[in-house]
Amino acid sequence: MHFNIVTLFPEYFSGPLTCGLIGKARETGLLSFSFHNPRDAAEDKRRTVDGPPYGGGPGMVMLPGPLCKTLRGLGFVPRDDAGPGPLLLFKAGGTPFGQARAAALAGEATRSGHARTLTLICGRYEGIDARVEELFPAEAVSVGDFVLNGGETAALCLIEAVSRLLPGFMGDERSGEEESFAPGPGGGLPEYPQYTRPEVFEGLAVPKILLSGDHAGIALWRRQASLLAALHVRPELAAAAALSPDDRAWLQSVPRPAVGRNLYCALVHFPVLDREDNPGTASLTNLDIHDIARSSCSYGLGGFYALTPLEDQRALLRDILRYWTAGPGARTNPDRARALALVREGRDIACAAADLERSTGTAPLLIGTSARTGRCGLPEMSFAEIAGRLQTRPVLLLFGTGHGLAPHALEMCAAVAPPLRAFGAYNHLSVRAAAAVTFDRILHDWG
Ligand code: ADE
């Protein structure tokens with residue numbers, strides 16, 4: 001495989017591309033590299049390659065002229081697919097690069113049978129003039145959600161990830177197959193832990209199964225160790241991985257980090273808005289109580305407050321709860337009884353917050369919810385940040401009945417969760433649906 005590397009700093013690559021397995025692959029001819037510096041294509045005496053951004057702002061932008069001339073010199077044709085092979089451009093805002101893309105690039109090279117060329121453009125400064133991408137459509141690639149000084153480090157990541165998948169690059173072809181994220185036997189999961197000599201190090205013994213010679217047992221232990229690593233560190237990988245029925249059954253049996261127990265919700269019936277945006281009191285409904293209790297139980301919430309200042313409404317709530325947690329409903333439907341056991345009766349938001357502080361020993365963080373953006377003047381807290389707060393403190397999520405929480409209720413909150421939206425502006429969810437979706441966005445138990 002040949003890499004054309006378009007860079008203002010060819011010297012950057014001299015160390016990493018000469019040592020270890022890459023150095024060896026260069027010697028055997030499996031890999032080759034050539035460097036193309038846009039500075040050599042600059043037209044002025046000072047060999048200028050950058051300019052200030054139109055519209056103002058800090059830093060400099062790479063000029064389109066020298067870069068396009070460099071690409072033409074490599075055989076790329078503007079507004080045309082013609083060229084020596086895939087063209088990739090590194091930038092922080094590109095498509096995340098992962099093992100699957102590395103495998104595809106290596107696979108195409110292997111299948112094509114003849115030496116394949118990848119051309120890598122390493123941006124520098126604040127990026128490159130956007131017209132370069134219009135003229136030479138490139139695959140924009142990011143190696144992570146962080147900002148590097150330029151694409152050179154990112155290019156090294158890609159080169160290494162792709163090269164090690166080429167047949168003949170590694171001594172033992174299997175070492176690539178079993179590693180973290182490799183498709184195939186590992187199924188896109190993080191790698192299992194590895195051990196070597198000595199058997200006991202600083203009082204820590206190698207897991208017995210690895211010394212047993214029981215190959216099936218070792219394979220099972222490794223698979224489960226990978227699944228466990230995914231569950232705790234990268235749960236989204238466990239969700240996306242190719243899981244067998246045995247994997248799924250085993251995952252079900254593993255205790256999860258249950259951050260959800262620090263999450264509480266309150267269904268607020270006062271003060272809420274009516275159709276004309278006037279504050280008032282809404283009536284309690286059986287359906288809201290049942291459905292939010294079921295969602296709370298499914299997501300492992302610590303509790304669900306049903307809040308209304310009206311005594312007759314609280315009496316109605318007590319009747320419903322008695323029927324389903326201790327009466328005939330509990331006998332015919334024990335699952336429902338379990339969900340409704342989470343419901344706590346209360347007059348208002350302050351009562352719920354005080355009750356939570358009493359029972360947990362910590363004042364809860366109050367987070368409002370609203371279908372509308374920017375009405376309440378509160379800071380918005382992302383779902384990920386709410387999830388983070390749960391690690392250390394109880395969070396009470398407030399859901400408004402009627403047409404949503406009134407300003408008085410929102411004023412009690414430290415922040416408001418983002419309005420739930422899918423792909424358009426229509427977001428008129430029932431409060432029951434909104435509660436379920438919000439729990440999922442915060443807790444999403446992928447396993
Ligand atoms: N250039 C700057 N930051 C980058 C990143 N995270 N990935 C790829 N190229 C970059």
Side-chain angles (χ1 to χ4, degrees), residues 1-17 22 31 33-39 41-42 48-68 70-71 74 76 83 85-106 108-109 117-165 179-182 188 190 233-234 236-237 240 382 384:
M1 176 173 269
H2 180 76
F3 289 93
N4 287 324
I5 303 180
V6 179
T7 172
L8 292 171
F9 297 99
E11 65 276 20
Y12 194 94
F13 295 86
S14 50
L17 296 187
I22 293 209
L31 292 180
F33 300 92
S34 58
F35 299 92
H36 309 272
N37 191 340
R39 203 173 285 286
T48 309
V49 287
D50 59 349
Y54 282 123
M60 301 290 268
V61 176
M62 281 177 76
L63 298 176
L67 202 45
C68 288
T70 306
L71 293 175
L74 287 170
F76 290 96
L87 178 64
L88 295 101
L89 162 71
F90 296 101
K91 58 183 189 184
T95 305
F97 182 71
Q99 192 66 23
R101 187 68 191 120
L105 289 169
E108 285 162 24
T117 298
L118 293 187
T119 301
L120 312 180
I121 307 174
C122 306
R124 273 271 156 178
Y125 314 124
E126 292 303 308
I128 67 175
D129 186 302
R131 288 165 293 186
V132 176
E133 278 183 83
E134 276 187 53
L135 291 168
F136 298 95
E139 179 181 338
V141 170
S142 164
V143 294
D145 291 339
F146 40 76
V147 180
L148 301 165
N149 286 341
E152 284 76 8
T153 336
L156 285 172
C157 291
L158 181 140
I159 290 166
E160 198 157 311
V162 173
S163 301
R164 59 206 309 288
L165 298 177
E179 282 174 350
S180 295
F181 315 121
V233 189
R234 300 285 305 275
E236 76 284 9
L237 292 179
S382 70

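All values below come from the heavy atoms of this structure, side chains included, with hydrogens, waters and symmetry mates left out. All ligand and atom numbering here is 1-based and tracks the order in the structure. Predicted, not measured: the structure shown is a model, and the values here were computed from it.
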What residue and heavy atom of the protein are closest to [atom], and at what distance?
atom	answer
atom 6 (N) of ligand 1	Phe146 O, 2.7 Å
atom 9 (N) of ligand 1	Lys91 N, 3.2 Å
atom 7 (N) of ligand 1	Val143 N, 3.0 Å
atom 5 (C) of ligand 1	Ala92 CA, 3.6 Å
atom 3 (N) of ligand 1	Leu148 N, 2.9 Å

Between Gly150, Gly123, Gly144, Gly93, flag the one that comes closest to atom 1 (N) of ligand 1 by a heavy atom.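 The nearest heavy atom belongs to Gly150.
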Check ligand 1 against Val141 and write out every atom of the ligand that is under 4.0 Å from a heavy-atom position of the residue.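 Within the 4.0 Å cut-off of Val141, ligand 1 contributes 8 (C).
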Consider every N or O of [X] and every N or O of ligand 1, then say whether any pair is closer than 3.5 Å.
X	answer
Gly151	no
Val147	no
Ala154	no

Below 4.5 Å, heavy atoms only, C-beta onward: do [X] and [Y] meet side chain to side chain?
X	Y	value
Leu8	Tyr125	yes
Asn149	Phe9	no
Leu120	Ile159	yes

Interatomic distance, Arg101 atom CZ to Leu158 atom CG [nearest 0.5 angstrom]: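 Answer rounded to 0.5 Å: 9.0 Å.
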Take Val49 and Leu63 through the side chain to side chain contact (heavy atoms under 4.5 Å, CB included) test and state the conclusion after the steps. CA-CA 5 Å; Val49 287; Leu63 298 176; 5.5 Å; no
Do Phe33 and Phe13 have ring centroids that are under 6.0 Å from one another?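 No, ring centres 6.0 Å or more apart.
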Assess Asp145 for proximity to ligand 1: is some non-hydrogen atom of it under 4.0 Å away?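 The answer is no: ligand 1 sits nowhere under 4.0 Å from a heavy atom of Asp145.
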Please indicate whether Glu133 has more than 12 foreign heavy atoms, meaning atoms of other residues, nucleotides or ligands, lying under 6.0 Å from its CD.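 Enclosed: over 12 neighbouring heavy atoms sit under 6.0 Å from CD of Glu133.
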Specify the closest pair of heavy atoms between Pro137 and Leu87, including all atoms of both residues, with the distance to one decimal.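 Between these two residues, the closest heavy atoms are O-CD2, 4.1 Å.
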